[in-house]
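Presented below is the structure to which this report refers.
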Number of protein chains: 2
Amino acid sequence: MSDETPATLYDVAREAGVSLATASRSLNGSSRTVNGQYRDRVLAAAAKLGYTPNLSAQAVARGASSTVALLVSDIADPYFSAIAAGVVKQAAEAGLAVTMAVTDRDTDREIELVRMLRGQRPRVIVLAGSRYTDETARDTLVAELEAFTRTGGHVVLISQHELPFDTVEVDNAGGARALADALSGLGYLAPAILAGPENLVTARDRVTAFAAGLAPVAVVHGAFTRTGGYDAMNSLIDGGLHGVDLVFAVNDVMAIGALSALRDRGIDVPGRVGVAGFDDVSTARDVWPALTTVRVPLEEAGAASVALALGARGGPVSVVPATVVLRGSTPRR
Amino acid sequence: MSDETPATLYDVAREAGVSLATASRSLNGSSRTVNGQYRDRVLAAAAKLGYTPNLSAQAVARGASSTVALLVSDIADPYFSAIAAGVVKQAAEAGLAVTMAVTDRDTDREIELVRMLRGQRPRVIVLAGSRYTDETARDTLVAELEAFTRTGGHVVLISQHELPFDTVEVDNAGGARALADALSGLGYLAPAILAGPENLVTARDRVTAFAAGLAPVAVVHGAFTRTGGYDAMNSLIDGGLHGVDLVFAVNDVMAIGALSALRDRGIDVPGRVGVAGFDDVSTARDVWPALTTVRVPLEEAGAASVALALGARGGPVSVVPATVVLRGSTPRR
DNA sequence: TTGTATGCGTTATCAT
DNA sequence: ATGATAACGCATACAA
C-alpha cells in the first residue's frame, strides 16, 4: 500500500558509484565487457535495491520488445491450451514472454485484438485456430497483419496455409482421409458427419476429405464446441438415425459432446453407432468409450510456430502430421 | 520482408499538420478536448498510416503499463486453463492485456519468472496454483512479491491465504469435508487417498479435511498430475487393495489418471471401488463413470482475482465456494 | 574500459 | 484549444 517507485537503472548506478552506461552494460548482456570490480558493485547495488529492468523502457530504447503475442479462440478449450503450452515453452526458451488474447471466435474481435497486440511491437504474432470464410473481414485482417510484417514483425498461423504468411499447417485432409479409410476398413458404411460451422475452413477441409473416403448419409452443422457437438447430435437423433453406423465429429470436443448426447438419449456406443473425432485432445482417451480420433501434435505445433518465426530459415510452411488413432469407440463392425 | 519502421505519433502529427501534443490528445482518451476539425484530420492520418500506439512507450511515459501478469503451473492442465480463461476475460473487460508464464511446478523457476514479470511493471500479478512448503523459496518469493506491491503493484494468489497478499481462496477444507460426509452417507467406509505431493499446501488441506470426515485406510503420495494419479493408483494396487471401497484423489486430473490405472488393471469402477476427485474440471463429467468431485468455479476464481486487484475495495480475501457434485463414479454402497 | 550525451515514442506541464 | 518542451527509463554512439 506504500508508494515508493521502482528502482531505476539510474538509482543502481548512483548506489554503485558508476555511470549509467556502466550500470547498463553490467546488468544486461552487452557485448562490451566491464571491469570486474565495477560489475560486482553494480550487481550488488541492483540486488540491494531490488532492481528489475523496466522492460518497456528497454523495448523503447532498443526499438523492439521481447514478447510473443498469441491469439486463440478459447483458452479453456484443450485444443488451444495445448497449443498455448507449446508456444509458451518455445518462447521461454528464446527468453520471450507471451502475451495472450482470446477472440471468442469473433472475427471482428480478432481484428481488434491484432491491432492491440501490434501495439506491443511483439517479435511474433501467432494466430491459432483457423479463419472463417468471410471476405471483408479476411481482407481487413490480412491488411493489419501485413502492416505488421512490413515493419519487421513475424506472423505465423496455425491451421491452413490460406493466408500469405508463414504457417504451421495441420494435415487435415490427409488425416481425415486416412481416418475414413481406416473406418471403412473396419466395416463402417454409413457415417453421419457433425461438420462444425459451415464457413470454418478447417472444418470444411476435414469434412470434404473424410467424405471422399467414406460417403456420408447425413451432414449436420453446428458450433465447433462441446455444446455444438451435443446439439448437433441431438438434432441428428431427432431426425432419425436410420442406417447410420458411425458419427464423425470434425473435432474431439464436438465428439465428446456427441457422446454425451448419445448417452442421454440412451443410444449405445459403440454398439449401435461408432464415434470418431479429430485432434486427439488429451481427454480423448479418458472418455468412454475411448475416442477414436486423428492425432495432431498440438503442443509441437505451438512450439513449431515460434520456432518458425524465430528460426533463420526453414521455408514459410511447416506441416505437422495427422495420424489415425483407433480406440474403443469404433470397434470392428 | 521489407523494413519500414512502424508509424510513430510524430508521423501522424506531421501528416495531419498538427503538433505532437494535439495528435496525442486526439488519439488517446485524454480528458482534454480538441477541435473536431483537427481531431478528424488526426484520425484520418492515423488510419492512413496504419498507426498503432507503441504500448511500451506509453507505459514508459505514463509510468504504468496496462497488463496483467499470470503465472500458472501448466497451461495445458484444464484446472489452470479454466482459471486463465477467467483472468483473460476480466482483464479484457478492463482493457488490460495478459502476459502468461508457466512454472512447470518448479519453485525456483517461479521466482525467476516473477522477477521477469516484474520487469513488465504490470498492474497485477496473479499467481495460480498453490505454494509448496519450502521455507527459503517461500521467503524469496514473498520478498520479490513485496518489492512489487511496495511500488504500487497488486498481487493476487489463487489458492490458500497463506501468504500476506490478496487471495482468492478456494474452500478446500469445507469442500473436502463435505465430500467425505456425502460419501460416508452413501455407505463408503474405507477410502484410500491419492494425496498428491507431500509439501503442497492445497493437497494437504484436502487430505486433512477429508480424513477428518472419513478416516483413510491408505494414503499414497504422488505428482499433482494425471500421470501422478496413474502411478499412485498402480502402486496402491500393487500394495493390495484389501478392504478399500473408495479412492479419493485430491484433484480431478489425478482421479482421471487413477481411473485409467484401474481400467488397465481390470478393476471394476464403480463396482469394486468408487472414485472421487476435486475441482470439477470440465472433463470430469465426460469420463466413465462420470466423476464425483467437488466443484470449484475455476473461471470465476480467475475473473475474481483480477477484479479483486482492480476493485476499489472488497477486502483482501475473496472466497469461492466448493460444492459436492455426486456422479456415477460413487453410487450408493 | 568508462563516462557523456542523445535518442527511442509517448505523455504531460507549461506557456501561449 | 494548441503547441513547444521536458520528462519517462534505458541503450548506445561517441568522446575521453
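Not measured: the values here are computed from a predicted model. By convention in this document, chain letters (A, B, ...) are assigned in the order of the sequence lines, proteins followed by strands, and residues within each chain are numbered from 1.
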query: What heavy-atom pair brings R118(A) and G50(B) nearest, and what distance separates the two atoms?
result: NH2-O, 3.1 Å
- line: In short, L117(B) meets A101(B) closest at the heavy-atom pair CD1-CB, 4.3 Å
Charged N to carboxylate O under 4.0 angstrom, [X] versus [Y]?
{"X": "R115(A)", "Y": "E112(A)", "answer": "no"}
{"X": "D74(A)", "Y": "K89(B)", "answer": "no"}
{"X": "D11(B)", "Y": "K48(B)", "answer": "no"}
{"X": "E135(B)", "Y": "R138(B)", "answer": "no"}

- request: Go through S56(B) and Q120(A) one step at a time and tell me if the side chain to side chain donor-acceptor pair (under 3.5 Å) criterion holds.
  value: CA-CA 6 Å; S56(B) 292; Q120(A) 314 255 26; 5.8 Å; no
message: As a test of your reading of the structure, name each stem of DNA chain D as range with range, where a stem is three or more consecutive Watson-Crick or G-U pairs at under 3.5 Å.
response: C:3-16 with D:1-14
Starting at atom [atom1] of [X], determine the distance to atom [atom2] of [N], rounded to an integer number of angstrom.
{"X": "L27(A)", "N": "dA11(D)", "atom1": "CG", "atom2": "P", "value": "8 Å"}
{"X": "Q120(A)", "N": "dT10(C)", "atom1": "CD", "atom2": "C1'", "value": "15 Å"}
{"X": "R14(B)", "N": "dT2(D)", "atom1": "CZ", "atom2": "P", "value": "20 Å"}

- prompt: Which nucleotide in the list dG3(D), dT2(D), dT4(C) gets nearest to the side chain of S19(A)?
  reply: dT4(C)
task: Check for a donor-acceptor pair, side chain of D108(A) on one end and backbone N or O of E110(A) on the other, with a separation under 3.5 Å.
output: no
Scan nucleotides 8-10 of chain D against the protein and return all N/O pairs shorter than 3.5 Å with their distances rounded to 0.1 Å.
unit_1  : atom_1 : unit_2 : atom_2 : d
dC8(D)  : O2     : A61(B) : N      : 3.4
dC10(D) : OP1    : Y51(A) : OH     : 2.7
dC10(D) : OP1    : N54(A) : N      : 3.1
dC10(D) : OP2    : L9(A)  : N      : 2.3

message: Can you tell me if T22(A) touches the phosphate of dT2(C), counting only side-chain N or O atoms and a distance under 4.0 Å to OP1 or OP2?
response: no
